[in-house]
Colleague: 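Have a look at this one.
Basis for what follows: all heavy atoms, side chains included, without hydrogens, waters or symmetry-related copies.
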Amino acid sequence: MIPVHPDNREVLGRKCYPDLASIPGKVDLVDVFRRAEATPEVARAAVAKQARVLWLQLGIVSWEAHRIASAAGLMVVMDHCLAVEHDRLID
């Protein structure tokens with residue numbers, strides 16, 4: 001996990017980056033905890049970073065973000081909690 005937040009330098013003891021572009025190296029999955037209207041911008045950043053998955057958390061749906069990411073070949077998940085799905089799949 002690599003936290004991204006424009007105002008924090010550290011989250012849960014881990015170095016925090018101001019944006020996706022600042023993360024060195026590859027990013028596989030971008031897990032988004034933002035309002036739906038902010039997600040198209042995140043989708044564009046995920047595409048630019050060549051992520052493989054754009055994941056919008058529970059309650060977040062943006063068809064524009066979905067269109068941007070899927071057009072670039074990213075898998076898109078909307079309105080699902082990553083932790084819940086992980087637990088469900090490993091049981």
Side-chain angles (χ1 to χ4, degrees):
M1 181 199 71
I2 302 171
V4 174
H5 191 281
D7 301 326
N8 294 333
R9 292 184 176 197
E10 186 177 293
V11 172
L12 300 174
R14 293 180 161 251
K15 180 177 177 162
C16 186
Y17 293 88
D19 51 48
L20 285 174
S22 299
I23 298 172
K26 191 165 175 17
V27 172
D28 289 320
L29 185 145
V30 177
D31 190 7
V32 185
F33 292 86
R34 304 270 315 269
R35 288 189 223 183
E37 55 269 18
T39 61
E41 178 183 336
V42 176
R44 284 187 278 281
V47 168
K49 192 65 180 168
Q50 297 180 326
R52 293 175 45 203
V53 179
L54 179 69
W55 190 292
L56 306 185
Q57 277 293 324
L58 197 59
I60 306 169
V61 174
S62 169
W63 292 106
E64 182 181 359
H66 185 287
R67 180 188 54 76
I68 292 164
S70 62
L74 278 71
M75 177 186 293
V76 180
V77 177
M78 298 190 296
D79 194 23
H80 285 275
C81 176
L82 186 58
V84 169
E85 296 304 319
H86 176 268
D87 289 348
R88 184 179 68 79
L89 292 171
I90 64 166
D91 282 343

Colleague: Any chance you could measure Met1, atom CE, to Arg14, atom CZ, to the nearest 0.5 Å?
Modeller: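 Between Met1 CE and Arg14 CZ, I get 5.0 Å after rounding to 0.5 Å.
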
Colleague: If we only count heavy atoms from C-beta on, is the Leu82 to Gln57 side-chain gap below 4.5 Å?
Modeller: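 Counting from C-beta outward, Leu82 and Gln57 do come under 4.5 Å.
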
Colleague: Check whether more than 12 heavy atoms from other residues, nucleotides or ligands sit under 6.0 Å from atom CD of Glu85, and answer yes or no.
Modeller: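 More than 12 heavy atoms, drawn from other residues, nucleotides or ligands, come within 6.0 Å of this atom.
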
Colleague: So, taking the atom named SG in Cys81 and the one named CH2 in Trp55, what distance separates them when rounded to the nearest 0.5 Å?
Modeller: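 Nearest 0.5 Å value for the SG-CH2 distance: 8.0 Å.
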
Colleague: Tell me, do Val61 and Leu56 make a side-chain contact under 4.5 Å, heavy atoms counted?
Modeller: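 No; the side chains remain at least 4.5 Å from each other.
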
Colleague: Nearest heavy-atom pair of Ser62 and Ala65: which atoms, and what distance?
Modeller: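 Heavy atoms of Ser62 and Ala65 come nearest at OG-N, 3.0 Å.
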
Colleague: Measure the spacing between CD of Glu10 and CG of Leu12 and express it to the nearest 0.5 Å.
Modeller: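 Result: 9.0 Å between the selected atoms.
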
Colleague: Minimum heavy-atom separation for Leu74 to Ala51, with atom names?
Modeller: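 The answer is CG-O, 3.3 Å.
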
Colleague: Determine whether a donor-acceptor pair (N or O, by modelled atom type, separation under 3.5 Å) exists between the side chain of Asp79 and the backbone of Leu58.
Modeller: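 Such a contact is absent between Asp79 side chain and Leu58 backbone.
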
Colleague: Within a radius of less than 6.0 Å around CG of Leu89, do more than 12 heavy atoms belonging to other residues, nucleotides or ligands occur?
Modeller: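 Yes - once you tally the heavy atoms of other residues, nucleotides and ligands closer than 6.0 Å, there are more than 12.
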
Colleague: State whether the number of non-hydrogen atoms from other residues, nucleotides or ligands found under 6.0 Å of Glu64 atom CD is greater than 12.
Modeller: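 Check passes, neighbour count above 12.
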
Colleague: Do any N or O atoms from the side chain of Lys49 and from the backbone of Val30 form a donor-acceptor pair under 3.5 angstrom?
Modeller: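 Side chain of Lys49 to backbone of Val30, a donor-acceptor pair under 3.5 Å: no, none is there.
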
